[in-house]
Structures are given as structure tokens and as C-alpha cells.
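For reference, the structure discussed in these notes is given below.
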Amino acid sequence: MNIMDFNMKKLAADAGTFLSRAVQFTEEKLGQAEKTELDAHLENLLSKAECTKIWTEKIMKQTEVLLQPNPNARIEEFVYEKLDRKAPSRINNPELLGQYMIDAGTEFGPGTAYGNALIKCGETQKRIGTADRELIQTSALNFLTPLRNFIEGDYKTIAKERKLLQNKRLDLDAAKTRLKKAKAAETRSSQLNSARLEGDNIMVNFSYMLNFLHVKWLKSEQELRITQSEFDRQAEITRLLLEGISSTHAHHLRCLNDFVEAQMTYYAQCYQYMLDLQKQLGSFPSSYLSNNNQTSGTPVPSSLANAVGSPAVASTSGIVITSPSNLNDLKESSGSRKARVLYDYDAANSTELSLLADEVITVFSVVGMDSDWLMGERGNQKGKVPITYLELLN
């Protein structure tokens, strides 16, 4: 029974406190009650914390989109994280593209120019996929996790203490209102008592009422001192927590540097992989570069042929092309050189010479010939050959 009585009293006290706060909050909104304002420093700290929370959430969510564009995959990872289980390994887009390229190259034949190029590109795409996976893991550990810990940990604590501070302020203002009303009632009673009303019973009743109001006034003053003390204590606790936001910014700055370093490593790896792939591919056959609207006659557009004799790189349709500088030297000379054929080439007409990959032919320049071509010779066969299919031999 004692425990039940205690619980009922506590429940009644909590209900009374909640009702008092609700009345005070409503009267403040209606402009019928005064409101204790927080000091400017504390207000600035609260604003800074709220701003930090909003932008941290936006940065975190957009970083997740950047690292994992697939929304279904993000939802799946979120569910596994909440279940405290490891998400199953999933092949990413570069790895999948690489596998398709390798399978296609194998189907077309590794000995063909196109098949061989597809296999090389596929292997590079798979390496890029591995680098992409490492970027996601590093960024999640060093950047996303600290941001999430702030939102789900530190800021939740701040929000809890902030709400408690709001309740303490409502209690304080409600106590101020009660004290103000008690003082006003006692003043009115004193004025009535000073009128010297006749009759002993009436005088006794007024004396009793005055004593009662005086006790109530003293009780309100004591309640005000207690609520003021609790409010000041909670304001100090909240202020100390909010001042930690500066440390949070410093920590997030270090995490941001780690994220930038991870991205730098990723893009440097991708650049090196593509550079190596470019060297492996060398000059790419024009038959895979031209579209249906281009006329046949020159395997490589003239804008790309300008790159011959220069270390500069030209690109078209997303494919990078380079040409050996010594081909230009040969065109300017009247001698002949041996050249290795890089890719198979089918002659378009009787003036051209068909080529097979890896065969060695003799090439020389003819005055007046287009800059994209050399004259090739293989035994008794002779005809024009595209320079982008050739690698001069020393």
C-alpha cells in the first residue's frame, strides 16, 4: 500500500507539473505571461548547435549518395546496420562492366584486335571497381561514421538537455507567475483589513485569510528560489555541452581531410590505371572509332592525325589515341622502314593493303600522299596502309 500511495502521489505531482508547464506555455504564446529569456551567449551556442546538426545531416546523406548511388543498396545497408549484421558483398558497377568486357572479349577472341582491347579494358575496369570499393570503406570509416556518431550521440544528448532546460524555464516562469498572484492577493487583503470592518467574526475571518495568504506568499517565494536554482544549474550544464561544438568542428575537419585524402588516392589510382591502359592499347583502330555518318577513306579523322609526331593525346568518342613520333619522321624522309602491324585491317579498295596483326611489313612515304597514310609493301603486294595501325621498328 505504501508503494502504491507513493506512486499515486508521484503520478499526481508529475501531472500537476505537466499541467502547470502547459498553462505557462499557452499563456506565453498568447502573450498573457512573461517569459524568461536566455542570455545571448547561450542563444548563440544553441543556434550554432542546430546549424551544425542540419548541415551535418545534409553532408552525410549526400556523401552516402555519392559513394552509393543505388537507393535500394543504401536501404539494404541501413537495415543490415540496424540489425548489427554485415551486409553481403555486392559487385559494383565498374566490376560488373569489367566482367562484361572480359566475357565479350573472350567471346570475340583474344587474338582479335577488338577482343584483346575489350579484355584489357575489362581488367582495368575491375581494378577501378576495387579502388572504388576501397574508397567507400575508407570514407565510411573515417568520414561518415564520425558524422553519424555526432547526430546519433552527441547531438541527441544536447537535444535532451535543451528540452530539460526548456522545462526548467517553464517551471521558473510558472513560479514567478504564482508569486506575483500571491503578492497581489495579499495586497488586496491588506487593503480590505485596513478598512476596519465591524464584527468580531468578520475580523477573525480576515485575520485568518491574511495569515493564509502570507504563508502562501512565503511558499511561492521558496518555490521561486528552488526553480531559479534548478534553471541556473541546467543552463550551465547545457552551456558546457554546447561549448563542445567547437571541438566537434575540429574533429570533423580532421575527418574531412581524411575523406579528401581518400578521394585523392582513388582518383590517382584511376588515373594511373587508365594511363597504363592507354599505353597497352596504343593507337586504336579507326574502324572502331568512326560512326555510321562518317565516310570511309581515312581510318582516323584528320583532327586525330594531327597528334602524329607529337606526344600530345587526342580523344574522340571517349577513346584516347596516341601515335609514335617516329612515324612523322618517316613521312618527312624518303627512306623505308620496317613496321609491325598492331591490328588487323581489311583494305577498303584495291589501292590499300590488307594487314594482319603482328606481321612485319616495309613502309615508306610517297610525295603527295595523305598525312594519315603510308605506302606498305609485303613481298609482291603493295598498297596504302593507315599509320595508326603501325609501330615502327628500330
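Predicted model, so just to flag it, every value in this text is computed and none were measured.
A donor and an acceptor atom, one from each side chain of K176 and T227, are nowhere located under 3.5 Å apart. R225 and Q222 are not linked by any side-chain donor-acceptor pair at a separation below 3.5 angstrom, with hydrogens and angles left out of the test. Between the side chains of Q125 and E95, no donor-acceptor pair is found at a separation under 3.5 Å. Side-chain contact of E261 with N257: a donor-acceptor pair under 3.5 Å is absent, judged by distance alone. Inspection of the Y155 and E50 side chains reveals an N or O donor paired with an N or O acceptor under 3.5 Å. Checking Q280 against D276 by side-chain atom types alone, no donor-acceptor pair falls below 3.5 Å. Residues T36 and D173 have side chains that bring a donor and an acceptor to within less than 3.5 angstrom of each other. For the residue pair K338 and T362, a side-chain donor N or O sits within less than 3.5 Å of a side-chain acceptor on the partner.
When side chains are defined from C-beta on, P146 counts as touching H251, because their heavy atoms get closer than 4.5 Å. By the 4.5 Å heavy-atom criterion applied to side chains, L355 and D346 are not counted as neighbours. Using a 4.5 Å heavy-atom threshold, the side chains of I245 and L45 count as separate. You'll find the side chain of V363 stays beyond 4.5 Å of the side chain of S336, heavy atoms only. Counting only heavy atoms from C-beta outward, the side chains of L356 and V341 never approach each other to under 4.5 Å. Contact check for L281 versus L277: side-chain heavy atoms found under the 4.5 Å cut-off. Residues L172 and L170 are not in side-chain contact: their nearest non-hydrogen atoms beyond the backbone lie 4.5 Å or more apart.
Ion pairing between a basic and an acidic side chain is recognised when a charged N comes within 4.0 Å of a carboxylate O; E123 and K120 show no such pairing. The pair E152-K156 does not count as a salt bridge, with every side-chain nitrogen at least 4.0 angstrom from each carboxylate oxygen. A salt bridge is absent between K384 and E352: the closest approach of a Lys/Arg side-chain nitrogen to an acidic carboxylate oxygen does not fall below 4.0 angstrom. A salt bridge is defined here as a Lys NZ or Arg NE, NH1 or NH2 lying under 4.0 Å from an Asp or Glu carboxylate O, and E57 with K53 meets this definition.
Between the side chain of T138 and the backbone N or O of E134 there is at least one donor-acceptor pair closer than 3.5 Å. Judged purely by atom type and a 3.5 angstrom limit, S139 has no side-chain atom pairing as donor or acceptor with the backbone of I136. Here the side chain of N149 pairs a donor or acceptor atom with the backbone of T145 at under 3.5 angstrom. In this structure, D258 contributes its side chain and N142 its backbone to no donor-acceptor pair below 3.5 Å. Between the side chain of Q234 and the main chain of L164, no donor-acceptor pair closer than 3.5 Å is present. Although no hydrogens or angles enter the test, the distance criterion places no donor-acceptor pair under 3.5 Å between the side chain of R378 and the main chain of G383.
Taking the ring axis of F231 as reference, the NZ or CZ atom of R169 does not stay both within 45° of it and closer than 6.0 Å to the ring centre.
Summarising the geometry of L392 relative to A339, their closest heavy-atom pair is CD2-CB, 3.7 Å, with the distance given to 0.1 Å. Closest approach of F150 to T248, counting heavy atoms only: CD1-CG2, 3.6 Å.
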>> Please evaluate residues Y266 and I128 with respect to the criterion side-chain contact (heavy atoms from CB on, under 4.5 Å), reporting the C-alpha separation (whole Å), side-chain torsions for both, the decisive distance (0.1 Å), and the verdict.
In response: CA-CA 9 Å; Y266 168 73; I128 291 176; 4.2 Å; yes
>> Test side-chain contact (heavy atoms from CB on, under 4.5 Å) on Y343 and T388; report intermediate values, then the result.
In response: CA-CA 9 Å; Y343 309 98; T388 52; over 6 Å; no
> Do L390 and L342 pass the side-chain contact (heavy atoms from CB on, under 4.5 Å) test, and can you show the C-alpha distance, the side-chain angles, and the key distance before you say yes or no?
Replying inline: CA-CA 6 Å; L390 304 174; L342 297 173; 6.0 Å; no
>> Could you walk me through whether K48 and H249 satisfy the side-chain contact (heavy atoms from CB on, under 4.5 Å) test, starting with their C-alpha distance in whole Å, then the side-chain angles of each, then the deciding distance to 0.1 Å, before giving a yes or no?
In response: CA-CA 11 Å; K48 184 178 180 180; H249 285 189; 3.7 Å; yes
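A perpendicular orientation is assigned to the rings of Y389 and Y345, their planes being inclined by more than 60° (bins at 30° and 60°). Using the six-membered ring where Trp is involved, Y114 and F108 have ring planes that are parallel, under 30° apart on the 30 and 60° scheme.
Around atom CG of N93, no more than 12 heavy atoms belonging to other residues, nucleotides or ligands sit under 6.0 Å away. At most 12 heavy atoms of other shown residues, nucleotides or ligands fall within 6.0 angstrom of atom CZ in R233.
Neither M274 nor I102 shares a network with the other; the hydrophobic side chains, linked directly or stepwise wherever heavy atoms of I, L, V, M, F, W or Y lie under 4.5 Å apart, form separate groups for each. Transitive grouping of hydrophobic side chains (ILVMFWY, heavy atoms separated by less than 4.5 Å) keeps L147 and L141 in distinct clusters.
To the nearest 0.5 Å, atom OG1 of residue T52 and atom CG of residue D154 are 11.5 Å apart.
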